[in-house]
Amino acid sequence: MSSTAATLAPPEVLARYEAVIGLEVHVQLATRTKIFCGCPTSFGAPPNTNVCPVCLGLPGALPVLNRRAVEMAVKAALALNCTVRPVSRLARKNYFYPDLPKGYQISQYDEPLAEGGWVEIFVNGTRKRIGVTRVHIEDDAGKSLHEGFEDSDRYTYVDLNRCGTPLIEIVSEPDLRSSEEAYAYLTELKLLMQYIEVSTCDMEKGHLRCDANVSVRPRGAETFGTKTEVKNLNSFRFLKAALDYEIARQVAILENGGAIVQETRLYNPDTGETMGMRTKEYAHDYRYFPEPDLLPLRISEEWRERIRAEMPELPSQKRARFVEQYGLREYDAQVLTLSRDLSDYFERAAAVSGDPRGTANWVMGDLLGALKAEGKEIPESPVSAEQLGELVALISRGEISGKLAKEIFAKMWATGDSARTIMEREGLRQISDAALIEKIIEEVLAANPKQVESYRSGKSGVLGFLVGQVMKATRGQANPALVNELLRKKLG
Ligand code: ADP
Ligand code: ZN
Ligand code: MG
């Protein structure tokens, strides 16, 4: 396929327009077995081995709804603040595709599982609620694998292992106004689904997939423009890049007096462009009808409330609590709740240190930095939460300086030993012996007569240099507050 090299609007023109975006997100539910049969959902099995007559759509085979999948879908809907319907209905969505042996997907149409929810996002320092139109359940199709480039040597293989894997589709209202907001929304959805353990959201395995609907309108306009739908956005980076491209393409067309064609477009990560794939299909193209092989899905109040009661603290609730209980800044609370592992680590460390803000700084700075440098995740950290808490406690009690703490942290990281063990082994205790410090100060002053003179002639800024010299002479072990005090006294 050749590049279309569409004209893109420059920034000053873009600034006169506003984007309107709604996302349709598919999340693979983390059940062990498929949604209508007992086949395993495991990833990476040899092609066409995790299949049976039901998920292959063989004539006469009947589906049986997986109770666990429904529970997970309800849990997701509740976490998205949706209203769960007491009775919803499964529906056939008919279309032909080589990786869809049944000839239809079992989905939900006009009576979806849940509706009317919202997700809170945090962009550029402000909070915003994004409406969730609906959450419905459906089964996944198989996978087509394309191989070869020459016409004479091109094959497509079909692997049906994924057929019948349980999905939920989460449809947002057209409430997003920029690619940054879309990125933040998808981030929050992923975090939520992981927190409540209904999905791993592993994008590389296709557990989280996203289609973006986007239109543009002049700033201040009330009505929406014609939208296009962009498919194949299998990473956060691609979502943002595809939206930015598509917005600039649409604005350029409108600026030139053209009209947007409502169509489905495909994002090409190699060129960074979107390309027309097919004209849009409408609901009536799918000939939806109620699934005759399955009963209506009834969710009693009692069942729904049982699921709600199992809900863990959600990321937004945790963020609010971190600000309230620990006095953290909003931004820090946001970072520390980016995963359950991270927030648990922080809370365990803060419980030991008794200094939540100091702990937040150490977790977000030194700990995350060291983990990132080695490509490690929180559970693999050689420094445990309790050990980090102990280190922070030593700093906040004034037993060691921040500088010395960094040295000790590096050693804890390398050996897995506690701060105390390292300090004892290496004699790294903070020096708070005034007589000893005074002796070192005298040596430093004797070695720096020029600086002493300029301090006494009024250049008080030199004090920092002299403090630094004393700290250096003690390998950072002198108590900095005491050094300051004694130096001032000595200098008169
Ligand atoms: P369709 O009939 O094309 O399926 P829907 O109304 O069902 O359209 O919406 C599908 C998705 O597109 C939703 O996420 C919705 O928020 C979004 N959407 C609807 N209209 C627009 C628009 N004008 N611009 C951008 N997104 C839109
Ligand atoms: Zn099966
Ligand atoms: Mg629709």
Side-chain angles (χ1 to χ4, degrees), residues 17-26 31-42 45 48-58 60-66 69 80 93 101-102 106-110 112 115-119 129-136 139-142 159-166 169-179 181-182 185-186 189 209-218 221-231 233 239 242-243 246-247 250-251 254 259-265 278-286 288:
Y17 284 82
E18 176 179 68
V20 172
I21 301 163
L23 297 188
E24 295 169 283
V25 178
H26 286 93
T31 55
R32 274 191 319 104
T33 57
K34 294 185 180 180
I35 186 165
F36 300 122
C37 64
C39 293
T41 51
S42 49
N48 302 308
T49 53
N50 289 347
V51 290
C52 74
V54 173
C55 54
L56 287 176
L58 299 186
L62 288 174
V64 178
L65 185 56
N66 179 336
L80 294 164
K93 181 182 183 181
K102 296 199 301 302
I106 301 180
S107 180
Q108 296 191 291
Y109 181 47
D110 51 358
E115 291 154 299
W118 48 265
V119 169
R129 274 190 185 185
I130 306 302
V132 172
T133 315
R134 56 188 274 153
V135 175
H136 67 247
D139 62 354
D140 205 350
D159 177 5
L160 300 176
N161 282 347
R162 204 177 63 180
C163 280
T165 300
E169 180 173 342
I170 303 167
V171 182
S172 88
E173 289 290 302
D175 288 347
L176 301 157
R177 291 291 175 270
S178 65
S179 61
E181 288 190 4
Y185 169 81
L186 191 62
L189 270 195
R209 285 170 259 162
C210 173
D211 300 332
N213 296 269
V214 54
S215 63
V216 296
R217 61 180 173 183
E222 299 251 319
T223 51
F224 288 160
T226 302
K227 71 174 157 74
T228 59
E229 181 174 356
V230 187
K231 299 243 177 214
L233 304 172
L239 169 69
L243 283 173
E246 188 58 18
I247 291 165
Q250 290 187 12
V251 169
L254 296 180
I260 307 302
V261 180
Q262 179 155 347
E263 62 182 353
T264 302
R265 298 177 68 86
R278 57 170 187 244
T279 54
K280 194 203 147 42
E281 61 292 292
Y282 293 89
H284 61 247
D285 295 327
Y286 291 119
Y288 278 100

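As the structure lists them, so they are numbered: ligands from 1, and atoms in each ligand from 1.
Judged purely by atom type and a 3.5 angstrom limit, Lys34 has no side-chain atom pairing as donor or acceptor with the backbone of Val51. Judged purely by atom type and a 3.5 angstrom limit, Asp139 has no side-chain atom pairing as donor or acceptor with the backbone of Thr165. Without hydrogens or angle criteria, Asp175 side chain to Gly131 main chain gives a donor-acceptor distance under 3.5 Å.
Near Val20, with a cut-off below 4.0 Å to any heavy atom, the atoms of ligand 1 are 24 (N), 25 (C). Residue Val171 has at least one heavy-atom neighbour below 4.0 Å for each of these atoms of ligand 1: 13 (C), 14 (O). Atoms of ligand 1 found under 4.0 Å from any heavy atom of Ser215, numbered from 1 in the order shown, are 22 (C), 23 (N), 24 (N), 25 (C). The contact set between ligand 1 and Phe224, taken as ligand atoms under 4.0 Å from a residue heavy atom, comprises 23 (N). Atoms of ligand 1 found under 4.0 Å from any heavy atom of Leu23, numbered from 1 in the order shown, are 14 (O). Using a 4.0 Å cut-off to heavy atoms of Glu173, the atoms of ligand 1 that qualify are 16 (O).
A salt bridge does not link Glu115 to Arg134: none of the charged side-chain nitrogens sits closer than 4.0 Å to a carboxylate oxygen. The residues Glu229 and Lys231 are annotated as salt-bridged, a charged nitrogen and a carboxylate oxygen being separated by less than 4.0 angstrom.
Ligand 1 has a nitrogen or oxygen under 3.5 angstrom from a nitrogen or oxygen of Asn213. The shortest N or O to N or O distance between Gly225 and ligand 1 is under 3.5 Å. Where the criterion is an N or O separation shorter than 3.5 Å, residue side chain and backbone included, Ser172 meets it with respect to ligand 1.
You'll find the side chain of Leu23 reaches within 4.5 Å of the side chain of Leu239, heavy atoms only. Side-chain atoms of Asn48 and Asp159, non-hydrogen and from C-beta on, do get closer than 4.5 Å to each other.
Residue side and main chain included, Cys39 places an N/O/S atom under 2.8 Å of the Zn ion (ligand 2).
Distances from atom 1 (P) of ligand 1 to the heavy atoms of Glu24, Arg134, Lys227, Glu229 show the closest one on Lys227.
A donor and an acceptor atom, one from each side chain of Thr133 and Glu173, are located under 3.5 Å apart.
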